[in-house]
Amino acid sequence: MRAKVHSRTCCPVEGTDQYLVYTRWRDEESFQAWMEGPMKAAHQRGGDDAPKQKPAAAGSTLWSFDVVQQAAPKQG
């Protein structure tokens with residue numbers, strides 16, 4: 001059984017040129033397993049002297065998106 005339940009890719013309608021990817025997980029344990037496994041390995045930084053990254057967001061802005069791709073578990 002897969003832990004990831006739904007994944008959506010959303011195209012911006014106005015206000016930004018950045019796409020939004022939304023993933024819904026079956027449960028907290030599945031999300032934590034992904035955080036400690038594949039995600040952690042893919043996002044490792046180069047050590048203590050690696051440059052500090054800026055936060056992904058600061059403040060708040062309202063943007064509009066259309067869903068352009070959607071994936072869900074297969075039925076049956």
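Shown here for Ser64 and Glu14, the closest heavy-atom pair between the two residues is OG-OE2, 3.3 Å. Nearest heavy atom pair, residue Ser7 against residue Thr23, reads OG-OG1, 3.9 Å.
Taking Ile, Leu, Val, Met, Phe, Trp and Tyr as hydrophobic and joining them when side-chain heavy atoms fall under 4.5 Å apart, one finds Val68 in a cluster with Tyr19.
Both Trp25 and Met35 are members of a single hydrophobic cluster when ILVMFWY side chains are connected at heavy-atom separations under 4.5 Å.
For the atom pair CZ of Arg26 and CZ of Phe31, the computed distance is 16.0 Å after rounding to the nearest 0.5 Å. With values rounded to the nearest 0.5 angstrom, Gln69 atom CD is found 12.0 Å from Arg8 atom CZ.
Partners of Thr16 according to the side-chain hydrogen bond (donor to acceptor under 3.5 Å, both in side chains) rule, which considers only residues two or more places apart in sequence or in another chain, do not exist here.
With no hydrogens or angles considered, no side-chain donor-acceptor pair links Gln32 and Glu36 at under 3.5 Å.
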